[in-house]
Undergrad: 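Submitted below is the structure of interest, expressed as structure tokens.
Values below: all heavy atoms of this structure, side chains included; hydrogens, waters and symmetry mates excluded.
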Amino acid sequence: MEKFIKIVGFFVIPILLMMQGCQKEDGLNISSDSNPVLKSKLMNTFYGPTVPVGNGVARAWVSVDLNGDPTSVGINLSEKALEKLPAEPASFVLDFPKTKGRNFYTHGLLDWNPQGHEPPGIYDIPHFDFHFYIISEEARLAIGPNDTVQFANAPAAKYIPPFYIQIPGGVPQMGAHWADVLSPEFHNVVFTKTFIWGSYDGSFMFWEPMVSLNYLLSHPHDLVTLRQPSAYQRDGWYASSYQVLYSTNPNEYTIALTDLVFHKGE
């Protein structure tokens, strides 16, 4: 993420100027005033193993309906995970529970950026990147620093959501990034959250809510509708929205891809 942001200022901002405008629990650990539509779709939630983060833990999960189809996937951070975070950038791999949710989402990659990153005045504040991958960890780790052809190979236009642009280049062991040019931080608003798409060699293969530390500490309860492409590349369950939520029972933060809908690939 860090490398791709270094060139956002050169490509996104000019465009904006032109535009001018496996443990099982029943239900999610979300507060009682959470979105009732979301809650009604959840039958069972399965958790992957916990990973130490700060003074707490993180874990990935998938919620499924009675047919075993995924309805949402997410990452939970215990409240103490935001305490004693590393002074240097750090990454944490979070596995989704095996054999659950049709194995569409495979693993999460949580990046902590204590100094943020470029461009100055936009993303140079402490924040987290929450990547949700549909390729294996082995395939992700095989993405190399010299894969310039694969980074540049963009998915066809019908697979790209409106008002997203590809940032030239890519990040090893991560992929190429697509930024939302309508996101508020590009319009003189302090960065709180945004949503990134990720591709490699012509295919989208991760989705990334990016969330500031201060925003999490404000104990948000936000559900954000996502713009959709006109077609999808492979059969799977794709998010219609994403949620950033603080709950008190237990005290934790949830970042989730929600309202998953099955789409046929074409």
Side-chain angles (χ1 to χ4, degrees), residues 1 4 22 28 30 38 41-42 45-51 53 58-64 69-77 81 91-113 127-141 143 155 159-161 164 170-171 173-180 193-200 203-211 216 222-229 232-245 252-263 265:
M1 188 67 184
F4 105 87
C22 227
L28 253 178
I30 52 181
L38 172 63
K41 294 181 179 179
L42 301 183
T45 298
F46 300 89
Y47 290 86
T50 59
V51 173
V53 177
R59 60 178 177 174
W61 52 264
V62 56
S63 290
V64 303
D69 295 334
T71 58
S72 58
V73 293
I75 293 172
N76 285 356
L77 288 171
S91 295
F92 308 88
V93 176
L94 304 170
D95 290 325
F96 286 100
K98 306 300 183 187
T99 75
K100 302 299 180 182
R102 307 299 185 191
N103 293 323
F104 185 64
Y105 293 92
T106 58
H107 68 288
L109 180 65
L110 170 59
D111 285 337
W112 161 238
N113 304 284
H127 69 266
F128 293 93
D129 302 333
F130 297 87
H131 306 83
F132 292 84
Y133 278 92
I134 60 172
I135 61 172
S136 68
E137 184 179 1
E138 292 75 18
R140 177 181 63 80
L141 291 174
I143 298 173
Y159 303 128
I160 302 168
Y164 271 79
V171 181
Q173 300 184 351
M174 192 174 293
H177 293 73
W178 294 72
D180 178 4
K193 63 186 182 298
T194 193
F195 195 83
I196 305 292
W197 285 54
S199 69
Y200 180 77
S203 297
F204 283 116
M205 45 66 166
F206 76 82
W207 292 267
E208 177 193 342
M210 194 163 75
V211 180
L216 285 179
D222 283 340
L223 185 68
V224 182
T225 300
L226 294 171
R227 297 190 298 277
Q228 301 296 309
Y232 300 82
Q233 292 173 295
R234 56 175 284 190
D235 293 359
W237 289 263
Y238 297 90
S240 302
S241 58
Y242 78 100
Q243 188 170 46
V244 184
L245 170 72
E252 66 183 5
Y253 302 90
T254 296
I255 294 83
L257 307 185
T258 53
D259 300 308
L260 301 184
V261 176
F262 180 80
H263 293 281

Undergrad: For the residue pair Pro209 and Phe132, establish whether any side-chain heavy-atom pair is separated by less than 4.5 Å.
TA: yes
Undergrad: How would you list, by chain and number, every residue that makes a salt bridge (Lys or Arg N to Asp or Glu O under 4.0 Å) with Arg234, sequence neighbours excluded?
TA: none
Undergrad: Without swapping roles, check the side chain of Glu252 against the backbone of Leu245 for a donor-acceptor pair under 3.5 Å.
TA: no
Undergrad: Ser241 vs Thr258, test: side chain to side chain donor-acceptor pair (under 3.5 Å). Steps then yes/no.
TA: CA-CA 5 Å; Ser241 58; Thr258 53; 2.6 Å; yes
Undergrad: For the residue pair Leu257 and Leu260, what are the closest heavy atoms and their distance?
TA: O-CD2, 3.9 Å
Undergrad: Where does the angle between the aromatic ring planes of Phe96 and Tyr105 fall among parallel (under 30°), tilted (30 to 60°) and perpendicular (over 60°)?
TA: tilted
Undergrad: Can you say whether the rings of Tyr133 and Phe206 are parallel (under 30°), tilted (30 to 60°) or perpendicular (over 60°)?
TA: tilted
Undergrad: Hey, do the aromatic rings of Tyr242 and Phe195 have their centres closer than 6.0 Å?
TA: yes
Undergrad: Could you check whether any side-chain heavy atom of Thr254 comes within less than 4.5 Å of a side-chain heavy atom of Trp61, counting everything from C-beta outward?
TA: yes
Undergrad: Would you compute the distance between atom CG of Asn76 and atom OG1 of Thr50 and round it to the nearest 0.5 angstrom?
TA: 11.5 Å
Undergrad: Can you name the closest pair of heavy atoms from Ala58 and Val53 and give their distance?
TA: CB-CG2, 3.8 Å
Undergrad: Backbone N or O of Met210 within a donor-acceptor pair of the Thr194 side chain at under 3.5 Å?
TA: no
Undergrad: Do Met205 and Ile143 have side chains that get closer than 4.5 Å, going by heavy atoms?
TA: yes
Undergrad: To the nearest 0.5 Å, what is the distance between OG on Ser199 and CD on Gln233?
TA: 8.5 Å
Undergrad: Should Arg102 and Pro70 count as side-chain neighbours, where that means a heavy-atom distance under 4.5 Å?
TA: yes
Undergrad: One pair to check against side chain to side chain contact (heavy atoms under 4.5 Å, CB included): Phe262 and Asp69. What are the steps and the verdict?
TA: CA-CA 9 Å; Phe262 180 80; Asp69 295 334; over 6 Å; no
Undergrad: Do Ser203 and Tyr159 come within less than 4.5 Å of each other through their side chains, counting heavy atoms only?
TA: no
Undergrad: What heavy-atom pair brings Trp178 and Pro155 nearest, and what distance separates the two atoms?
TA: CZ2-CD, 3.6 Å
Undergrad: Is there a side-chain contact between Val51 and Leu110 (heavy atoms, below 4.5 Å)?
TA: no
Undergrad: Is the shortest side-chain heavy-atom distance between Val62 and Trp237 below 4.5 Å?
TA: no
Undergrad: Measure the CD-CD1 distance between Gln243 and Ile255 for me, rounded to the nearest 0.5 Å.
TA: 10.0 Å
Undergrad: Work out which heavy atom in Ser240 is nearest to a heavy atom in Val261; give both atom names and the distance.
TA: OG-CG2, 3.4 Å
Undergrad: With rounding to the nearest 0.5 angstrom, report the OG1 to CG distance, Thr71 to Asp259.
TA: 8.5 Å
Undergrad: To the closest 0.5 Å, what do you measure between CG (Asp111) and NE2 (His131)?
TA: 5.0 Å
Undergrad: What I want to check is whether the side chains of Arg140 and His107 have a donor and an acceptor closer together than 3.5 Å.
TA: yes
Undergrad: Taking Thr106 for the side chain and Ile135 for the main chain, is one N or O donor matched with an acceptor at less than 3.5 Å?
TA: yes
Undergrad: According to the interplanar angle, ranging from 0 to 90°, do the rings of Phe204 and Trp197 count as parallel (below 30°), tilted (30 to 60°) or perpendicular (above 60°)?
TA: perpendicular
Undergrad: Does the side chain of Asp180 come within less than 4.5 Å of Arg227's, by heavy atoms?
TA: yes
Undergrad: Please round to the nearest 0.5 Å and tell me the distance separating atom NE2 of His177 and atom CD of Glu208.
TA: 5.0 Å
Undergrad: I need the minimum non-hydrogen distance between Asp95 and Ala60, along with the two atoms involved.
TA: O-CB, 3.8 Å
Undergrad: State, to 0.1 Å, how close Tyr164 and Ile160 come at their nearest heavy-atom pair, and which atoms those are.
TA: O-CG2, 4.0 Å
